[in-house]
Each structure stands twice: as C-alpha cells, then as structure tokens.
Amino acid sequence: MEVVSNTDLQQREGTHPSLHMREHVMERTREQGDGAPVMSLLTEELNTESHHQDDKPFTIKAELDLMQICLAVLSFLTRTWRLGIPRAVVFDELHFAKFVSLYIKRIFFFDVHPPFGKMILALAGSYAGFEGDINFERIGAEFPSSVPVEMLRAFPAILGSLTVPIVYQICVEAGLSRYAASIAGLLILLDNALLVQSRFMLMEGMLIFFSSLSVLAYLKFRNNIREFSLMWWFWLCLCGVSATCSLSIKYVGVFTLLLVFIRVVRDFWQMLDDSSKSDMTLVKHLFSRLIALVTLPIVVYLSIFYVHLSILTKAGPHDSVMTSAFQASLEGGLATLTKGQPLHVAYGSQITLRHTENVAVGQPCWLHSHAHMYPIKYPDKRGSSHQQQVTCYVFKDINNWWIIKHPDKQDLMVDDPPVPVRHGDIVQLVHGITSRALNTHDVAAPLSPNNQEVSCYVNYNVSMPAQNLWRVDIVNRESDDETWQTIKSQIRLIHVNTSTAVKTTGKQLPEWGFHQLEVAADRMTNQKSTIWNVEEHRYTRSSEKEKQAAELQQAELIPLKPTYLSFWAKLYELQIKMLLSNQDAQLEHKYSSTPTEWPFMQRNIAYWMSSHDNSQIHLIGNIVVWHASTLSVLAYLALFIFYLVRRQRAVFDLSEAKWQNFLFLGELFVGGYLLHYLPYFLEDRTLFLHHYLPSVIFKVLVLAALGDHLYSVSPKIPLLSPLIKYGSVALVAVAIHIFITFSVFTYGNQSLSPQKIKSLTWIDTWDFLTH
C-alpha cells in the first residue's frame, strides 16, 4: 500500500495520470508528424501502462489525504460529542420524534415534506428497539426513558459529519488547490449553525449531506475520462440518486437536482461540438444521462413513497385531511363508521356530504345545518332571507346528516328493494334533525355577495316548491347511467331552478354563524369547490320522525375491513395535498425571518432552553464565515462583470482555459447558491433561518473558489499573494475563536449569566433567552 502525504498530494495536484498520458501521446504525435494516429498511440500507451501494472500482481495503491482525514475526525467529534444532551425535545424534534413513533406503530400521518428523512429516523429507532411510546406536547419536554435519543440523533449527526470531508473533496474535484479545499472544509466544520442542525432529529443535516454528495458525484463523473466504464456509470447514477434523496427529504432538494441536471445538459451540449465522437456515441451519452438523471430519480422517488404508504396502513389523527376513499383504505378510522354501509345511495338514504377539498387550512368539512337563522341584516346593510343557516362544519356532528327524498313522494323511507339515485336524477335533501329542505334562491350569500345564499326552509311534509329541487351530477362517472355510490362518487348538486351548484367558499362566518365556513351557490358550476362525496351512509327503515332522530344519534359503529385503494390513487392524492398544502402559511412565530435577513445572519432561532437555568441552544451561524462568504458571492459576481467588460474591449486578463474554469465554477457554486436562495423570495409562508442552510454550503465553496482564483492571478498583482495567504489564516483563526465563543449556544452545556448573554448579543436583532 502506498501512503501519500498531504505535501505529496499538493505536488501532484492537477496531475491526473491520464493527462500525463495524453500529453505524452501529443508529444509523440508532434514528433511523428501530422499523420500519426493519435488514438492508436493513446491505446498503445494504455496497453503499456496495463502491462506494467500486470508486472506487479496483487498490488493495491491507496492515497491517504491527511487533511481530509483530520477534517473528518474533527467533524465526527464536534457533531457527536454529548449527543444525548439535552435529553429533551429540541425545536422541530417535537414533530419528527412523533413521526418516528407513528412509523413504528404503522399509523398514517400527513406532512407537507417527503418522507425519506423521517423514514431514516424511524429505521434508526426501530433498530434501537424503540416501540413508539412518546407523549409530549412542547419543546423542552423530557424524552421518556424508552426513547433511544442518542440513536435517533446519531444518523443525522453522522451524515452531517460526512458533509465536511465531502466539501473538501468537492473543491479538489473542481480543480481548486488543496489549500483552498482545506479552508472550505474548515469553515464548514466551524460553522455553529450547520453543527447544531446536524446534532438533532432534524432534516436539514441529512438534506445537505445528499445535496453535497450529488455535487461531488457530478464532478467525479465529469472528471472521469473513461466513458461508459463501471466507475463512470457509478458516479453518474450516484449523482441522480443523491439528488433524489435530497428531494425526498424536503422539496427544496429539487434545486440540487435541477443544478446537476443543468450542468450535465450543458456538458452534453458542449460535447456535441466534438467532431471526434460519432453520432452513435452521442446518442449513447444522451440516453445514459436520461437514465441516470430522469428515469432513476423517478424510480427512487416512487419507491420511497411505495415503502412509506406500505408501512402506514392504520388510521390516525392525521388522516382526516385525506379524502373519504383514502381514509376508508386504512385500518380503523373511517372504516369503523361503515359497518353495513350500503354502496348505492337510494331515495330515503341518510348521508353525510363531505367536501372533497380541504378548504379550512388542511381541515375537511361537511355540509351542515342547524336551527339558527341568518341575521335579518348584515353589517353592510344587505338583507338576508332570514332562513335556516347552511354551513360547512369542520367536525363530525349530528347536524351533518341529510336525507335523500324523492320529489314526488312525501315519505322518507327506503323502498324495498331500494331505488338507487343515478346521474342526472332530481332529488330533494332534507336536513335530518330540523326536517327542513336544502334550498337556494336569488339572495346574496353572507360573505360572497356574487354568489347565492344557501339555506333550509319548509318542513318536508309541506308541499315543496320547485326551488328545492337538485340535480345529481356525478363528476367521475364512467357512464351516464351510473348510480350514486358511497365514498367513490364525486358529485355536484345543481339547483334546478337557478342552475347553480352548492359549494363552500372557505370563508369563515362571524359569531352569528358560530365561525363555521360559508356555503353558497355559484353559477360557475365547473370548479373544484363544488364537488362533494357521501362519506357516511345508512338506509332509513322507519317513517316515524322521532325514531329516525334516535337512530341517527344512537347508531352503533362497528369496525370493518378497509376498502382497497391502489398505490397510484393514494400517491396522486397525497402528492397533490403535499404540494398544495398551505398549513404553514398562516403561522406566526417569534423567531421567523425573511430571506433578506439571512445572508448576514440578522436573526437566530431559539431551539431549546433548560427549565432550571439559562443553558440554551440556538441556531446561529459563525458570523465571520457567513459574512465573508456572502461578500465573496458579491465579489465573484463583480469580478465576472469586470472580466466580461474587459474581454468586450479585447483585453484578456485570463487565458481561455482559466476563463472557462472561472465560468464553470461560477455556474456551479454561485449558480447553486442563487438557485437555493432566491426562490424563497417567492414563498408566501412562514420562513426560518434553517431554510438558508443549504445555500451556506455553496457560498462557502464560492469563497474557496474566489480565493484560489485570486491566488492564481496574484503574480500579476504585488502583495496579493501574501494578502490571500495571511488573510485566509486570519479568517480561520477568527472563525475558530467565534466557534468556541458561541459553542455555549451550540451544545447548551453551560448556565449563562444575564451579563454573559448580553455580551454575546453581537447584533441587536439577535434574541437570546433569560429566565
């Protein structure tokens, strides 16, 4: 085994054996004249090299980069030290620990983020023998003794530790000097925010690891000159898989996938200019990239969700956001309400109508009425019908029940045999408790004056005028003769007299409406807000009104085997709800921040505070690392503009090779930073400092690339070379000092006095805590 020191590696920097071979071949070509077959000579050299290697069988050569090893060891030490302290809930561990518990109990839950990171935590918990016994409701609560806290935090800590040597290797593969790579690795190592985010059951540490690994794999693939070799395929596929894993932890990982995809496409576009490559070779390159960066990510992504949905088969507190069909496919939950439930809705059926869209911040709602009237006049002086209110209620309630009545019959019994309601049939809906009929008319709705009011009036046994007639429109029918089915059928109720459809607007009524959701009738019938489905259903077997009410309130609920719903149907519904959910949009948080506050770290986040003293943990970065790297992004862009203007005036400060390398690093690092940062300016939801952490990796890489570039051109500028050398040493020294100073907020291992806390408040907008 050949062990090469870091000094030797620096001397070998940029000298790939294949590059030496190509230079040697080109030299021999020049000696033999223009007619020398270059590819033949290259093949000869490869065969010669292979022959020399065959002279030493069973030989293994390994290069050990001591700096990289040191960075990895220090990273593991800093991120795993006292991993079980505090043994209390830290920030979003409140949610993720519960998700682990639900995974282990196989109970379905809904989260707006993809499941891969939570699945990793659940795997660690299951390996440690965790049985999912968690019962806490606040940050700072002590974990029960049955929770393997160290094991659950270990996996994010390990992946966060590996990010440091990966960043170092990214710099090496990008062609930067080992000195610049060491600076980048040290700055990532010494950033307090990245360290904190890696030490707990949180997602960003794992997200950043896979994002960084994807960039490294892309560079490895790009630098591999042996096309279609095993390692060439390995790095290309690893690039796609890593980026997909990043995406499968949080959807912001899509920016990493987009970054490497754009770079691979650009590389292929430049390859088209290479006349030495045949058309068939280019086609093979195209399809290999499509397989690794399109097909393989799709397969990995779908596989993750397949495992996710295969594990979570039991109903739980989160499944109410899903449709009735989805809930009925889970063990327990809605299935417990469907014992003996008839499939076909008939005249005389008792039903509840659930809105198919979750309009109330992720909550379902049911068509509802109660024995209270609309006010005679609204605050804007508009008058109402003063008839019985109809609303959409976000809880299951006895007032959610309706009876389907035949317009030509006065009784509410189901015939024997039952007469099913079909698409296009005309029905009346009678409220089960108040016995009043659903109606709409040319009166403005309470909160949506452009729509009609929906109300209940006239007891069912009084002659019904035409205003109470509704046409059943089955939206997802397969034929025009299809029957109205429980859960499965999505229907619209079209008012016969006014051609309007019942919908919920999602607006919350004032106190007179008990803060329930407004229901109105809209002439624009073809919209999602007008679609409903029957969730609970039973047949009316008695004509006595008192007995009907008693049956509704005392109905026995018995569990039933879940109904079947295909993986694709579940996946489609879950994806739509995850992508369109706005459950974070209305939240307010003391430590929320805006993207303009992130680059210079004007805000922190309190993660945990001891209940006994002033020990506390905050997400706060290393201020010198964040400020210096942010300025380096601006400097890199300014230098790019400077070079561009100079080249436009035919002044070429850089050789073509250096200029292309400068552009490449700018596209990869600066482009990666902007791609992960700028989209947050378009977000309309609560944001926190931890959303910025993936961008931090890229701006530190920009800092390393800028320093290395300036050092490479320093011979042309006096004093620049020592300035960069001593400046980088000073930067690392100051970063070490700040890291140690703020480690009290990183590990939460010291009780701080109010004076100490005040002295550490270097920026006025930082908000630390004191008892």
Side-chain angles (χ1 to χ4, degrees), residues 95-134 148 151-152 155-156 159 201 203 206-207 210 237 240-251 253-254 257 294-338 358 362 364 487-488 559-581:
H95 306 297
F96 296 121
K98 289 182 178 179
F99 290 150
V100 171
S101 174
L102 293 172
Y103 260 122
I104 292 175
K105 295 180 178 180
R106 304 178 68 90
I107 296 175
F108 177 82
F109 63 86
F110 176 80
D111 186 33
V112 296
H113 301 298
F116 186 56
K118 298 179 280 289
M119 290 170 63
I120 291 175
L121 295 179
L123 181 63
S126 178
Y127 175 78
F130 179 44
E131 297 181 354
D133 300 323
I134 287 181
M151 181 61 72
L152 289 172
F155 209 97
L159 295 186
M201 288 176 260
M203 296 294 106
M206 295 184 283
L207 169 73
F210 285 110
C237 292
V241 171
S242 301
T244 308
C245 290
S246 178
L247 164 66
S248 300
I249 292 174
K250 277 194 169 184
Y251 278 127
V254 72
L257 182 59
V294 177
T295 305
L296 187 59
I298 291 175
V299 171
V300 172
Y301 185 78
L302 292 177
S303 300
I304 288 171
F305 271 92
Y306 183 82
V307 174
H308 173 70
L309 292 172
S310 298
I311 294 174
L312 305 182
T313 58
K314 298 180 180 180
H318 295 77
D319 63 353
S320 61
V321 303
M322 309 306 290
T323 63
S324 302
F326 195 106
Q327 291 183 69
S329 70
L330 302 173
E331 300 173 20
L334 183 61
T336 65
L337 306 177
T338 58
N358 295 321
I487 295 178
K488 177 183 175 181
L560 183 69
K561 184 179 179 180
T563 59
Y564 174 75
L565 191 66
S566 70
F567 163 71
W568 299 107
K570 286 184 175 182
L571 177 66
Y572 176 77
E573 180 181 338
L574 187 58
Q575 286 291 277
I576 294 298
K577 283 185 166 55
M578 290 171 64
L579 294 173
L580 300 182
S581 175

Visitor: State which residues pass side-chain contact (heavy atoms from CB on, under 4.5 Å) with Ser242; sequence neighbours excluded, sorted by chain then number.
Guide: Leu213, Ser214, Leu238
Visitor: Less than 3.5 Å apart, which donor and acceptor atoms pair up between the side chains of residues 118-129 and the rest of the protein, not counting sequence neighbours?
Guide:
from: Lys118; atom 1: NZ; to: Asp111; atom 2: OD2; distance (Å): 3.0
from: Lys118; atom 1: NZ; to: His113; atom 2: O; distance (Å): 3.4
from: Lys118; atom 1: NZ; to: Pro114; atom 2: O; distance (Å): 2.9

Visitor: Of Phe110, Phe116, Phe567, Tyr103, which meets ring-ring contact (aromatic ring centres under 6.0 Å, His included) against His308?
Guide: Tyr103
Visitor: What are the two closest non-hydrogen atoms of Ile104 and Gly132, and how far apart are they?
Guide: CG2-N, 4.1 Å
Visitor: Is the count of non-hydrogen atoms from other residues, nucleotides or ligands lying under 6.0 Å from Phe155 atom CZ greater than 12?
Guide: no
Visitor: State the CG-OG1 distance between Leu330 and Thr313, to the nearest 0.5 angstrom.
Guide: 7.5 Å
Visitor: State, to 0.1 Å, how close Leu152 and Pro156 come at their nearest heavy-atom pair, and which atoms those are.
Guide: O-CD, 3.4 Å
Visitor: Looking only at heavy atoms, which two atoms of Tyr306 and Ser310 are closest? And how far apart?
Guide: O-OG, 2.6 Å
Visitor: Would you list the pairs meeting salt bridge (charged side-chain N to carboxylate O under 4.0 Å, His left out) in which at least one residue belongs to residues 305-315, sequence neighbours left out?
Guide: none
Visitor: Without swapping roles, check the side chain of Gln327 against the backbone of Met322 for a donor-acceptor pair under 3.5 Å.
Guide: yes
Visitor: Might you confirm whether atom CD of Gln575 has over 12 heavy atoms from other residues, nucleotides or ligands at distances under 6.0 Å?
Guide: yes
Visitor: Check whether any side-chain heavy atom of Phe326 sits under 4.5 Å from a side-chain heavy atom of Asp319, and report yes or no.
Guide: no
Visitor: Counting N and O atoms only, with roles assigned by atom type, does the side chain of Lys250 sit under 3.5 Å from a partner on the main chain of Leu207, one being a donor and the other an acceptor?
Guide: no
Visitor: Minimum heavy-atom separation for Leu571 and Leu309, please, with both atom names.
Guide: N-CD1, 4.1 Å
Visitor: Aromatic contact between Phe305 and Tyr301, with the criterion being ring centroids under 6.0 Å apart: yes or no?
Guide: yes
